[in-house]
Amino acid sequence: MSREITITIDDKKIRTVEGKILLWVALANDIYIPHLCAIEGKDLPEASCRLCFVEIEGKNKPVTSCTQPVYDGMVVRTRTAKVDRLVKTAFELLLSDHRLGCASCPKNRNCELQRIAKERKLKLRHTRFKYLGRETAVDDSPDSFSFDPSRCVLCGQCIWADHEKAKVGAIGFARRGLGRTVATFNYESLKDSPCTECGLCVEACPVGALSFKKNT
Ligand code: FES
């Protein structure tokens with residue numbers, strides 16, 4: 001049976017249920033923690049974006065809030081020098097493989113990267129880490145949307161929507177390391193893949209990688 005507990009996040013006392021994931025508890029209580037790859041309801045979190053770090057009293061290292069279950073008496077800080085440093089580095093690394101140019105991006109003003117930059121006062125430009133500038137072709141083949149891998153942050157939200165909501169399985173992660181990308185089987189165009197153009201993956205994309213065409 002689920003047990004009611006009390007935790008504290010940034011001095012705010014919160015009643016919740018033991019075992020819930022800290023990130024979702026914080027967000028449900030209007031405490032913002034940056035996050036890209038976390039998906040509510042997914043059993044095994046990717047924990048790949050490394051943006052959701054927090055510090056917990058009694059633990060000697062910051063932890064990712066998307067993997068941390070809550071327990072009674074837990075005391076959490078979302079903003080400490082260590083957390084801010086980790087989040088800044090993760091954000092800068094992410095940008096090193098993200099083509100900027102917000103003015104011409106379809107998600108301008110509705111982009112999770114812009115939100116994180118604003119909330120954490122981070123620069124939305126390539127600073128410490130040089131832009132990798134990988135050559136990636138835009139897949140413009142679907143009638144209703146296009147996919148620009150150079151704006152993809154590899155959060156996996158589109159893949160989850162495609163597999164778990166649409167139950168199609170047209171896309172997945174391909175390759176490892178710096179070459180990692182979202183792709184169709186055999187790298188065929190989306191038009192030639194089993195994609196049904198339901199649009200759920202486009203709605204799930206938190207940045208400008210998947211975007212509806214103007215007439216859609
Ligand atoms: Fe926790 Fe990405 S949201 S690591």
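Read the numbers this way: they start at 1 and go in the same order the structure lists the ligands and their atoms.
Distance CD1/Ile21 to SG/Cys66: 8.0 Å, rounded to 0.5 Å.
Counting atoms of ligand 1 from 1 in the listed order, those under 4.0 Å from a heavy atom of Ala38 are 3 (S). Which parts of ligand 1 touch Arg50 is read off a 4.0 Å heavy-atom cut-off, strictly below it: atoms 2 (Fe), 4 (S). Each of the atoms 3 (S) of ligand 1 lies under 4.0 Å from some heavy atom of His35.
Taking the six-membered ring where tryptophan is involved, the planes of His126 and Tyr131 are essentially parallel, since the angle between them stays under 30° and well short of 60°.
Between the side chains of Thr6 and Lys13, not a single donor N or O lies within less than 3.5 Å of an accepting N or O.
The environment of Arg15 atom CZ is dense: over 12 non-hydrogen atoms of other residues, nucleotides or ligands sit within 6.0 angstrom. Residue Lys165 places its NZ atom among 12 or fewer non-hydrogen atoms of other residues, nucleotides or ligands, all under 6.0 Å distant.
Between the SG atom of Cys66 and the SG atom of Cys52, the angle centred on atom 1 (Fe) of ligand 1 amounts to 100° when rounded to 10°. Expressed to the nearest 10°, the angle at atom 2 (Fe) of ligand 1 joining SG in Cys37 with SG in Cys49 is 110°.
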